[in-house]
Each structure stands twice: as C-alpha cells, then as structure tokens.
Amino acid sequence: MTATVSAPARTRLSFLDGVRALAAVYVVLHHIWFTVYPAYPVNTGPLVLGWLVYGHLAVAVFIVVSGFSLTVAPARREYELGGVLRFIRRRAWRILPPYWAALGLSVLVFGLITPELTGRAITLKGVIAHFFLVQDVVDSPKPNGAFWSIAIEWQIYFLFPLVLWFRRKLGPVWMVAIFTTGVIASQLVGENVDPLHGLLNFTPQFLALFVFGVAAADVVRSHEVPRWIGWAGAACYAAFIVTAVAMGSVWVDHAYFWIDLLLGAGTACVLAALAGGHFEPLKDLLAHKIFSGVGLFSYSVYLVHLPLLWLTDHFVVEHLVSDKFARFGLLLVLGLTAVLGGSYLFHRVFERPFLENRSWAALKTSIRGTK
C-alpha cells in the first residue's frame, strides 16, 4: 500500500516563498559569476564555481512555481478561473507596474549613466519591444538581459484558461500529456523547419513546465500525495547532476529543452510532496522567515539585480581588485548586499503598493493616506 499524507486545506503555502527566494538568489549568483567569468556556457573560473553556470534552471523553477501557485485558488473551486478578463487584469496589475519601473531603471543605468560602455543595449526599438512584452518575438537589443522570461510568462497567462479547461475536462494526466506532446512537437518543428525556427524564441518547454505546476496543485484538492512523488522529484534532480557532471555545461546548454522538462517535472513533484506534508524539515527551512521574507520580494530581485550588479561592479569592485577570484568574492559580498537592499527598496516603492491595493482608486487613497 502506498503511504500518503493529508495536505492542509487552506493554510498559506509559505514554503513557496522560500523556493522563490532560492531561485532568485541563484540567478543573482549566476550573474555575479558571469560578470567575472563571461565565457558562458564554459566555466573559465575555478571548478568549485562550476555549479553557478546553470542560472537558466532557476527560471525554469520560477515557471513551475507560477503554474502551481496560480492554480491553488482555481483548484479549490473545481478549476474554474472566475473570469478570463478578471484574471488577465489582475496579472497585469501584479506584474506590469514593477516591470515597467525596472525597464525605466535599466534604461537609466545602461543608457544614461554608462552609455559609453552599455549604450548599445538601449534602442527605441528595444525599449518599445520590452515595454509591450514582445521581446521574444521582436529581435532587438536588450536593455536588461533578465527580462526575456517575463515576456514568455506573460504570454503563458493567456493560455492559462485553456490549460484549466483541459484539467477540468480531462484530468491532470491527459492535460500534461497533451500539452507536453504539443510542446515537443513545436520544438522539433522549430529545430527542423527553417521558416518556423522562430518558434524556439518562445522557449516552448516553459509552457509544459507551467502545466506541470498546474498538475502538482491538485494536492490542495485531493489532500493526498503518495510518498514516492517526492522521491521521484529528487531523482530528477539527481539525474541532472549526474548528467551535468558527465556531459559538461556546454552539452547542457544545448540540451536545455530536455533538461528543463526533466527538472520541471522534478520541481512539480517536490512542490506536490511539500504541500502534501512530506519532506517536513525541508519545508520548514523554506518557510523560515529569512527565506520566505526574501521570497516576498523575489520578483523585484529578479527585475533589478542586473543594473544593481553592474553599478556595484563598475563603480566599486573593478577599482578595488584585479584578480578575478578576488573580484568574484568582493562582488559576491557587495553585489549581493546591494541587490537585496536595493531590490527591497524597489519592492516597497514599485511592487508592494500594487500587492496591497487592487485598483487605481485604492492606490490613490493609500498614497493620500501616507502623506
């Protein structure tokens, strides 16, 4: 008989904030490494830093978490979304204001403060493409290299009602099978049919990862999770580690489509296990106030960490040390401090007000109340 554990019915899944925090900090660490050793996907730094090559995978984790967290509420009402336009409006209200503010900061830093070095990253075409979240469709300079995934997730939101329809009508297994098959077909077509090569710009596997998260959220409805689910997820991560060690980072970079599917499935399994009452020590660690606290502003960390790292490295670290490993160590300390501190301030100004107020009227009232 398979052991199962009942999941709490409506408690806040605080461990999700911890997962977001770890993913966001890993992205920052990856870009600190890349700033000092810019030969990606080759690690030209010490072997001990080789694990920092795979920043892309943190984005894959974010996508699974997004699918999971957005499905928690619909799962409790038979996978009914509660209105497509209402959902899109709330998503726009949640992610666009801080995103646009971060776009403005990126233009300021890379286009005005250090234009002699980074000005080529700022063009009117690029800014417009990023403003409308079509940077994966329109080829243009990138004012902030981390923004590529925001466009993809935004586009996935428009497919979320369809994903829920399949979940409601066919169940989680068929939902996953249908979308994963479609994603694999899109990848193969994009790789082999030249006129359709642009399909790869959408990073199609991220739709499958989002769907994995949707399927994992069934735990809040069924309240039972087989014990083997969590260990299956751990096995996926172990398989990646063995593959990365055996094949190397260049091979992994070329195989990210399949690696993302592997780690996405593993992440979904681990999330379901954590929500279902397994891996309690890990769950408690992720829910700790340090991790969950950073997780609350992890979106801001992701949005603004690149300009903050650039400013720290260019105006401070570069002038203090020349040895690359020493530069990495100093940027790790100063850069991470600047990113976490600056991101929190950014969160308080540009993100938190839109979390606490659900309309312009409520936001204006709140602002007047603070004067």
Side-chain angles (χ1 to χ4, degrees), residues 23-41 44 52-53 55-56 58-59 62 95-154 201 203 297-322 324 327-328 330-351:
V25 170
Y26 183 69
V27 170
V28 177
L29 295 177
H30 167 74
H31 283 126
I32 290 174
W33 166 84
F34 182 75
T35 299
V36 180
Y37 304 104
Y40 178 88
T44 57
L52 295 176
V53 176
H56 170 96
V59 182
F62 274 126
I95 74 167
L96 292 185
Y99 169 78
W100 284 331
L103 177 59
L105 175 64
S106 300
V107 171
L108 176 65
V109 170
F110 297 123
L112 295 178
I113 295 179
T114 58
E116 70 283 359
L117 297 175
T118 55
R120 288 177 298 174
I122 307 300
T123 66
L124 180 60
K125 179 182 178 181
V127 172
I128 292 174
H130 282 75
F131 183 87
F132 289 104
L133 288 162
V134 291
Q135 57 264 37
D136 54 343
V137 179
V138 178
D139 185 23
S140 62
K142 299 172 175 59
N144 186 320
F147 285 173
W148 66 275
S149 67
I150 307 298
I152 294 168
E153 182 163 358
W154 171 249
N201 294 335
T203 320
F297 64 96
S298 59
Y299 182 46
S300 290
V301 172
Y302 188 82
L303 288 176
V304 302
H305 73 278
L306 278 179
L308 294 176
L309 280 179
W310 166 252
L311 291 174
T312 304
D313 184 60
H314 179 64
F315 288 106
V316 181
V317 176
E318 277 188 351
H319 301 284
L320 295 178
V321 294
S322 56
K324 284 195 171 184
R327 180 184 171 193
F328 174 85
L330 187 58
L331 186 57
L332 179 66
V333 174
L334 299 183
L336 196 57
T337 301
V339 166
L340 292 178
S343 298
Y344 179 71
L345 293 176
F346 181 89
H347 163 80
R348 290 297 300 263
V349 176
F350 297 108
E351 185 182 4

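For the numbers below, each heavy atom of this structure counts, side chains included, while hydrogens, waters and symmetry mates do not.
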Does Pro115 have any side-chain contact (heavy atoms from CB on, under 4.5 Å) partners at least two apart in sequence or in another chain, and if so, which?
none
The criterion is ring-ring contact (aromatic ring centres under 6.0 Å, His included); which residues satisfy it with His56, sequence neighbours excluded?
Trp148, Phe206, Tyr256
Phe131: what forms a ring-ring contact (aromatic ring centres under 6.0 Å, His included) with it, not counting sequence neighbours?
Trp100
Do side-chain atoms of Lys142 reach the backbone of His130 as a donor and acceptor pair under 3.5 angstrom?
no
Quick check on Phe315: does its CZ atom have over 12 non-hydrogen neighbours (other residues, nucleotides or ligands) under 6.0 Å away?
yes
Do the side chains of Phe110 and Pro307 get nearer than 4.5 Å, heavy atoms only?
yes
What closest approach, in Å, do Leu306 and Gly145 show between heavy atoms, and which atom pair accounts for it?
CD1-N, 3.7 Å
Is any side-chain heavy atom of Leu96 closer than 4.5 Å to a side-chain heavy atom of Trp154?
yes
If the condition is side-chain hydrogen bond (donor to acceptor under 3.5 Å, both in side chains), which residues does His305 pass it with, not counting sequence neighbours?
His31
For Ala39 and Thr44, which heavy atoms make the closest approach, and how far apart are they?
CB-CG2, 3.5 Å
What I'd like to find out is whether the side chain of Val339 reaches to under 4.5 Å of the side chain of Val301, using heavy atoms alone.
yes
Determine, stepwise, if the pair Tyr37 / Lys324 fulfils side chain to side chain contact (heavy atoms under 4.5 Å, CB included).
CA-CA 8 Å; Tyr37 304 104; Lys324 284 195 171 184; 3.9 Å; yes
So, using side-chain contact (heavy atoms from CB on, under 4.5 Å) as the criterion, who are the partners of Leu117 when residues are at least two apart?
Trp310, His314
Would you sort out whether Ser343 and Leu308 count as a side chain to side chain contact (heavy atoms under 4.5 Å, CB included), showing the intermediate values?
CA-CA 9 Å; Ser343 298; Leu308 294 176; 4.2 Å; yes
Partners of Arg120 by side-chain hydrogen bond (donor to acceptor under 3.5 Å, both in side chains), sequence neighbours excluded?
none
Would you say the side-chain atoms of Ser106 pair up with the backbone N or O of Val304, donor to acceptor, closer than 3.5 Å?
no
The criterion is side-chain hydrogen bond (donor to acceptor under 3.5 Å, both in side chains); which residues satisfy it with Ser300, sequence neighbours excluded?
Glu351
Going by the angle between their ring planes, with limits at 30° and 60°, are Phe34 and His30 parallel, tilted or perpendicular?
parallel
Answer whether the closest heavy-atom distance between the side chains of Leu332 and Leu29 falls below 4.5 Å.
yes
Is Thr312 close to Leu331 at the side-chain level, that is, under 4.5 Å between some pair of heavy atoms?
yes
Who are the ring-ring contact (aromatic ring centres under 6.0 Å, His included) partners of Phe328, not counting sequence neighbours?
none
Heavy-atom closest pair (Pro98 atom, Phe346 atom, distance to 0.1 Å) is O-CZ, 3.2 Å
Taking the side chain as everything from C-beta on, heavy atoms only, tell me whether Thr118 gets closer than 4.5 Å to Ile122.
no
Distance-minimising heavy-atom pair for Gly55 and Tyr26
CA-CE2, 3.6 Å
Decide side chain to side chain contact (heavy atoms under 4.5 Å, CB included) for Ile32 and Leu309; before the verdict, give the C-alpha distance in whole Å, the side-chain angles of both, and the deciding distance to 0.1 Å.
CA-CA 7 Å; Ile32 290 174; Leu309 280 179; 3.7 Å; yes
Non-neighbouring partners of Val321 that pass side-chain contact (heavy atoms from CB on, under 4.5 Å), sequence neighbours left out
Val317, Ala326, Arg327, Leu330
Could you list the residues that satisfy ring-ring contact (aromatic ring centres under 6.0 Å, His included) with Tyr344, not counting sequence neighbours?
Phe297
Nearest atoms (heavy-atom pairs only) where Ala121 meets Pro141
O-CB, 3.7 Å
Rounded distance (nearest 0.5 Å) linking atom CD1 of Ile128 with atom CD of Gln135
13.0 Å
Please list, chain by chain and in numerical order, all residues satisfying side-chain hydrogen bond (donor to acceptor under 3.5 Å, both in side chains) with Thr203, sequence neighbours excluded.
none
Sequence neighbours excluded, which residues qualify as side-chain contact (heavy atoms from CB on, under 4.5 Å) partners of Ile150?
Tyr99, Leu133, Tyr299, Tyr302, Leu303
